[in-house]
Amino acid sequence: MYISVMGQIKTWVFLGKMSFWLSKTNTFCWIIPDHRTYQRLHRVPRFFGTISYSNVTMCTKMITSHSKCGRLNDALHLFDQMPVRDTIAWNSIVKGCLDCGNLSIARKLFDEMPERNVISWTTMISGYMRFGYVELAERLFKEMPFKDVAVWNSMVYGYFSNGRVSEAVKVFEEMPCRNVISWTSMISGLDQIGRSVDALRVFKRMVGDGIEPSASASIFPCLITACANSRAIELGTQIHARIVKLGCVDEEYITSSFITFYANYKQPENSNKIFREYVHDSVVVWTSLLTGYNLNSMHNDSLTVFTDMIKLGILPNESSFTSALNSCCALMSLDRGQVVHAEAIKLGFEASAFVGNSLVTLYSKCGGILDGIKAFEGIEVKNLVSWNSIIVGSAQHGCANWVFTLFAQILRAGVEPDEITFTGLLNAASHSGVFLKGKRFFQFFTKYTLIKMNVQHYACMVDIMCRSGELDKAEDFIKNMPIIPNSLVLLNLLNACRTHSDIEIAERVSKYILDLDPHCSAAYTLLSNLYASAGRWNDVSRVRSQMKRRKIAKQEGSSWLNQHGRHPDVLSGNISHPPI
DNA sequence: TTAGGGTTAG
């Protein structure tokens, strides 16, 4: 919460965890809540009083407060009223316009500034970078009369955040001097694009250059994250020991990155230990634990964390909701998902893409597709993940025509489909028996897009060919695949051989599968069933004795059902003890 | 005691 106070403070008002300054007498008090506080503020009066516009420092503070809450008009009005403005005030109003997303006013004010210092230039350049206007940022950077290390850092960070990696690296190498922030930008930039190993190399180079991170350096959280992402558990543990010595493990950013680090290494007990040892009321720290449990399939624990957060008044954000909904989905628990959904509605998150996408997946997997569609339609700004979630969900429900309509809508919306969209389309075509359409999609994607085909796409195509009875074509297709077929692709064909009683192809395919994986029980079972249905009992007993010799047991089929909120694992023939 | 550069969860 941002509070600016002028005059004497007379009263404290407490509302839950929040506290507000209020004035009783003729003194002035200004209350500006942040986004989170707004939700609790409707009962609290706001006090306005006489402003001394000549107090430049106070007005500047207020401009910053207004703009951080998205009240650009108030900020601009205040700025207009100021009889005297120094460079700091000008910089603050430019920054305010940028924080509120109004680039054109920011640039206009920047041009009107009577005097610009290095901060004015950096503010404008970072603003351009933030909104993706890289070329404009570059132009200003060239025009800038004097460049300090901060503006160079802005360029490195700006290039990374716009996906211009080579430029970021080039600028970093060209920098006349570097500080810890320059190295941090480089390390986190590389880590975030998945080059975590390179990120750690940069860190080693930094240490080699004799730069030591200080106790409060924010390089640590991004280092720990890079270790978490690059399987560098040893280095991560060393950094942990170092941070303990420096005595800053209790910092929010460090705590949360460690929770994730240990969760990534399948040590959720260590995540929990750090969480309990360094108590925070930060939603990010709590969400790290929630997500850590989720990652380690401890879905009940993750939902307990979620409910504890709410009980303690720590408001979950989009990420917390995403993880909690994923846990509900993994537990196939529609009712718990609905409770989380209700919380999301209460906090106004149902239109968010993050939350909405998880809701679409939850409802498509555990509920009805109609609820999934409703959640999809509720998403205000749909992204590719939203489209993919509803396409994959609808495909699983066999709604092929609806999937094709959605695909047409994607193209119309100008969203670029990816390999997941393609898998969804092929699945829809194969599950609904629209084989010709599936084949056409395959041709379309291979000819007209740059999407890299993966083994799932080939498995779907084999499935489509097999379902249309074209076993020979499917076999040829597998032979000519540019990637090595996995057992899923081959088992699809073998299964089709059983349906179409084609022993000749089945023998070739099963030999191929067993060469790749001699313990594939499904291949033995399918082949023996095929011989049995053809009455070739000698071959049946040959296959079975082979299985015995190699100690391969027939795998029992299983399925998940949701009965009265419980989830018994139903094995073929008998019901096992429910896990909950 | 007002302005710029970075860091955590997804």
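Lettering follows sequence order; numbering is per chain, from 1.
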Inset, instruction - Quick one: list whatever passes salt bridge (charged side-chain N to carboxylate O under 4.0 Å, His left out) with A:Glu112, sequence neighbours left out. - result: A:Lys108

Inset, instruction - Taking side chain to side chain donor-acceptor pair (under 3.5 Å) as the test, write out the residues that go with A:Lys346, two or more places apart. - result: A:Glu343

Legend entry - Spacing between A:Lys61 atom NZ and B:dT2 atom P, to the nearest angstrom: 6 Å

Legend entry - Backbone N/O of A:Ser320 and side chain of A:Ser323: donor-acceptor pair under 3.5 Å: no

Legend entry - Heavy-atom donor-acceptor pair, A:Ser257 side-chain to B:dT8 base, under 3.5 Å: no

Legend entry - Any N/O donor-acceptor pair, A:Asn153 side-chain to B:dG4 base, under 3.5 Å: no

Inset, instruction - Report yes or no: is there a donor-acceptor pair, N or O only, under 3.5 Å between the side chain of A:Asn117 and the base of B:dA3? - result: yes

Legend entry - Qualifying residue, where the test is side-chain hydrogen bond (donor to acceptor under 3.5 Å, both in side chains) with A:Tyr363 and the options are A:Gln338, A:His341, A:Lys374: A:His341

Inset, instruction - Quickly work out the A:Asn179 CG to B:dG4 C1' distance and round it to whole Å. - result: 13 Å

Inset, instruction - In whole angstrom, give the distance that lies between atom OH of A:Tyr293 and atom P of B:dA9. - result: 17 Å

Legend entry - Short side-chain N/O contact from A:Tyr157 to OP1 or OP2 of B:dT7, under 4.0 Å: yes

Inset, instruction - Could you please name the option among B:dA3, B:dG4, B:dG10 that lies closest to any side-chain atom of A:Asp148? - result: B:dG4

Inset, instruction - Taking only Lys NZ, Arg NE, NH1 and NH2, and the carboxylate oxygens of Asp or Glu, determine whether A:Asp198 and A:Arg205 approach each other closer than 4.0 Å. - result: no

Inset, instruction - Give a yes or no on whether a donor-acceptor pair under 3.5 Å exists between the nucleobase atoms of B:dG5, that is its base, and the side chain of A:Ser154. - result: no

Legend entry - Presence of A:Lys95 side-chain N/O under 4.0 Å of B:dG4 phosphate oxygens OP1/OP2: yes

Inset, instruction - For this output row, return yes or no: ring centroids of A:Phe321 and A:Phe306 closer than 6.0 angstrom. - result: yes

Legend entry - Separation of B:dG4 P from A:Asn91 CG (nearest whole Å): 8 Å

Legend entry - Phosphate contact (B:dT1 OP1 or OP2) by A:Thr57 side-chain N/O below 4.0 Å: no

Inset, instruction - Please determine, for the side chain of A:Glu252, which listed nucleotide (B:dG4, B:dT8, B:dG10) has the closest atom? - result: B:dT8

Inset, instruction - For A:Val156, report the nucleic acid contact type (base, sugar-phosphate, nothing); a contact means any heavy atom under 4.0 Å. - result: nothing

Legend entry - Length of the line joining A:Ile254:CD1 and B:dA9:P, which is rounded to integer Å: 13 Å

Legend entry - Check: A:Trp90 ring centre within less than 6.0 Å of A:Phe79 ring centre: yes

Inset, instruction - Under 4.0 Å between any heavy atoms, over every strand shown, what does A:Ser320 touch: base, sugar-phosphate, or nothing? Just pick one. - result: nothing

Legend entry - Gap between atoms CE and P, on A:Met309 and B:dA9 respectively (whole Å): 15 Å

Inset, instruction - Take the angle between the ring planes of A:Phe261 and A:Phe258 and call it parallel below 30°, perpendicular above 60°, tilted in between. - result: perpendicular

Legend entry - Nucleotide of B:dA3, B:dT7, B:dG10 approaching A:Ser319 most closely (side-chain heavy atoms): B:dG10

Inset, instruction - Looking at every strand, decide which applies to A:Val149 at a 4.0 Å heavy-atom threshold: base, sugar-phosphate, or nothing. - result: base

Legend entry - Touch class at under 4.0 angstrom, heavy-atom based, for A:Thr60 against every strand present: base

Inset, instruction - Check DNA chain B against residues 121-134 of chain A and give the residues with a non-hydrogen atom under 4.0 Å, in numerical order. - result: A:Thr122, A:Thr123, A:Ser126

